Amino acid sequence: MELDFSPVIAYAPTLLSGVGVTSLIALVVALFSVLGGLLVAVISVYTNKVVSWPIRFLIWLFMTTPLLLQLYFLYFGLGEWILIPALMVGVLGLGFHYMAYNADIFIATIRSVSAGQYEASRSLGFGHLRTLFYIIVPQAFIRSVPQIGNNLILMVKDTSVLSAIGVAELVYASQYAISVSFRPFEFFIVIAIVYYLLNLIMEFGQARFERMTADRR
Amino acid sequence: MDVNLMVEVTPLLIKAAWITIDISIRAIILGFGVACVLVFLRSLQIKPLQWFSRGYVSVIRGTPYFVQLLLVFYGGPTIGLTMDPFTCGVMVGAFNIGAYMSEAIRGALESVESGQNEASRSLGFGRLQTLTYVVLPQAAGLMIRSVGVLAIVLVKNSSLVSIISVVELTYQAQRLIGSTYKPFEIFTLTAVMYICIVYAVMGIVELAYRRATRYTTLVKRVQ
Amino acid sequence: MTIETKTDTPMVEIVNVHKKFGDLEVLKGINLTVPKGKIVSIIGSSGSGKSTLLRSVNHLEVIDDGVIRLDGVQVNRPDMKGLAFERHINHIRQNMGMVFQHFNLFPHLSTLDNVTLAPRKLKGMARKEAEELGREYLNRVGLADKADVYPSRLSGGQKQRVAIARALAMQPKVMLFDEATSALDPELVEEVNLVMRDLAKEHMTMLIVTHEMAFARDVSDWAMFMEGGVVVEEGTPDKFFSNPDHERTRNFLRKHLSSQH
Ligand SMILES: Nc1ncnc2c1ncn2[C@@H]1O[C@H](COP(=O)(O)OP(=O)(O)OP(=O)(O)O)[C@@H](O)[C@H]1O
Ligand SMILES: [Mg+2]
């Protein structure tokens, strides 16, 4: 057993571009899944059953089936109708998956904001929508920070799954290098380290954001 | 919706579902063992062992399960670790979920207030007796619930094993979608199967939870 | 510091005990001797180290210096390590009953099982025998009818009485009470005090930390006032409560007697 990390160094630019794509996907999916999740949650809580029931069903469906299965479905399902690049499918698939998880949390926190808050706001003269926008949703959002943070940390790790449908993120980007260098162990160790670092950054960010919002929870 | 096709592929998917269940059960049992060892090492007053346990948990939780799987399956042979795909799926699943479970178990044990420990010790019980007679029975409920949540995560994670060609549900689904071009039908069937497995786990967990926490609802002991 | 007694070995001896939490010195050389069958009350303001002292006797806190003995046997053994010490301390603790402010009943066990767990598992008593004994002790604290009830269904006073029965079932040589009635509603205090008075009549050796001056005066053979980790004053209850020597003791008693009635 002799380890040789020189191919990894030789392919450093490839890996770096993979890290770039991974980070970019993570960023887009984070925004998409948090904002989307919030919107979905508000709609689901404040509309009638006809609208909210299908939403809840979809959230439930996304949460009880594996991400990879959802990705395959989107990849082949959408592929039937339109020509769509893997990257798009990946971002959408991961985005919807975590949108469901985030919405689930937002729904719970929106419900946890007391009725008194709503009444207080209405009594000041705010309308229904303004009350949601200025009073309820911000409070719910702040209360959700720790759990949403957890979800985003999981999400960054799950970007690796997108390699299965050919998205050129870190894992996929290394595949060619691995196949020509025959050094899978060394490459995957380095990839794991990269994810570990990304994860550290995420946890650091989560801790900071939690502290920033702690007073308002 | 092509019902004929769905009927036709159902046996294939059920067979694959068994593989998913098989792999999950093995990984959960083994993972629970891994978790217990981690908790035990962490509880010893020996610094290097504590560090090992903490480091292990941190590394496993800080890296993607998917990468762990690829590392062990493709990179394992480099360091003399060759496994067939199924075994690899079980092992990586177990050693992965074990890290998460150890945190869940520790959390459950720590949720029992320290007064319980003190009361037991003050009666003359040793550490192990205190754990078995006093702490574990009280921690069991929370432990079962959080281990249950992780078992469900594990079932869903097991789909990634399809990448190393274990013919489990997701692998079979992908193959069928590719050959039939009926993603909706295949997805529906596969989703139903995952949902059944997940709900079966939830049901078992709930039963176990009720058993473990009977004392909170019981008033009279049946003599 | 001596209590008149005719017995030879004291039941509890506390000799020059020191204890620090980090930089905070909580016990600064405490000495106390409790003869067999005597009752000592420890009083003092919050944070003076009363609980720490009591917990040290049970070795729930590890003292930094000094010696604690139970019936002639040294409790703290800095010379012993690991499993040997575990065995030693477990054995010692079987001879001491401790009652906590917050009861610490085992919520997953019925009242009777709370009482019988230790005799069964530690003394190897058969279930039947243990349950007879358990019922007897429950009867003594007036809770014979609650044997099969779970602790969550009991009032605070009942819980504390079960906790006392649980400790008594091990037939300890000494009982340690750490503010046994502080967490109780006022109307429930007396039922617990009554049980403690009964024990006093039976000449159980007791170390009682309490904020109830009247009770302490009534029940104890010796009273001790702690402040800032030292014993400020001690003496017979008559002298101690009616005519203490020290200004600080007088201040403390004045505050507490007035706030009580
Ligand atoms: N485990 C601990 N770690 C650090 N400091 C402690 C610990 N336990 C007690 N202390 C400190 O030691 C001091 C004495 O505490 P102790 O509980 O013995 O006081 P007490 O006389 O029983 O007070 P109270 O009447 O409030 O029960 C306090 O200042 C307390 O904050
Ligand atoms: Mg105290």
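Being a predicted model, the structure only gives us computed values, none of them experimental. Below, read A as the first sequence line, B as the second, and so on, with proteins coming before strands; counting in each chain starts at 1.
Around atom OH of B:Tyr56, more than 12 heavy atoms belonging to other residues, nucleotides or ligands sit under 6.0 Å away. Within a 6.0 Å radius of OH in A:Tyr101, other residues, nucleotides and ligands contribute more than 12 heavy atoms. By the 6.0 Å contact criterion, OH on A:Tyr46 is enclosed, its count of non-hydrogen atoms from other residues, nucleotides or ligands being greater than 12. Within 6.0 Å of atom OH in A:Tyr75, 12 or fewer heavy atoms from other residues, nucleotides or ligands are found, so the atom counts as exposed in its surroundings. Counting non-hydrogen atoms of other residues, nucleotides and ligands closer than 6.0 Å to CZ of A:Phe5 gives a total above 12. For CH2 of A:Trp60, the number of neighbouring non-hydrogen atoms (other residues, nucleotides, ligands) closer than 6.0 Å is greater than 12. In B:Phe86, the CZ atom is crowded: over 12 heavy atoms of neighbouring residues, nucleotides or ligands sit closer than 6.0 Å.
In this structure, the portion of B:Ile177 lying under 4.5 Å from any heavy atom of chain A is its side chain and not its backbone. Of the two parts of A:Val161, the backbone and the side chain both hold a non-hydrogen atom closer than 4.5 Å to a non-hydrogen atom of chain B.
Here the straight-line distance linking atom CZ of B:Phe66 with atom OG1 of A:Thr159 works out to 10.5 Å at 0.5 Å rounding. Rounded to the nearest 0.5 Å, atoms CZ (A:Phe185) and CG (B:Leu81) are 9.0 Å apart. Here CD1 of B:Ile152 is found 10.0 Å from CE of A:Met63. Values are rounded to the nearest 0.5 Å. Here the CZ-OG1 distance, from A:Phe73 to B:Thr190, works out to 10.5 Å after rounding to the nearest 0.5 Å. Rounding to the nearest 0.5 angstrom, the gap separating the CG atom in A:Leu61 from the CZ atom in B:Phe187 is 5.0 Å.
Per-residue heavy-atom pair counts under 4.5 Å with chain A were compared for B:Ala191, B:Ser58, B:Gly62, and the maximum is reached by B:Gly62. Ranking B:Phe73, B:Tyr74, B:Tyr65 against chain A, the residue ahead of the rest is B:Tyr74, based on heavy-atom pairs under 4.5 Å.
Using a 4.5 Å cut-off on side-chain heavy atoms (C-beta onward), A:Tyr195 and B:Val67 make contact. Residues A:Phe76 and B:Gln174 are in side-chain contact: their nearest non-hydrogen atoms beyond the backbone lie under 4.5 Å apart. Counting heavy atoms from C-beta outward, A:Ile189 and B:Leu71 have side chains that approach closer than 4.5 Å.
Residues A:Gly77 and B:Pro183 approach most closely at CA-CG, 3.6 Å, considering heavy atoms. When all heavy atoms of A:Ala192 and B:Thr63 are compared, the closest pair comes out as O-CG2, 3.3 Å.
Heavy-atom proximity under 4.5 angstrom to chain A picks out B:Tyr194, B:Ile195, B:Val198, B:Tyr199 from residues 192-206 of chain B. By a heavy-atom distance cut of under 4.5 Å, B:Lys156, B:Ser159, B:Leu160, B:Ser162, B:Ile163 are the residues of residues 155-168 of chain B near chain A, going up by number.
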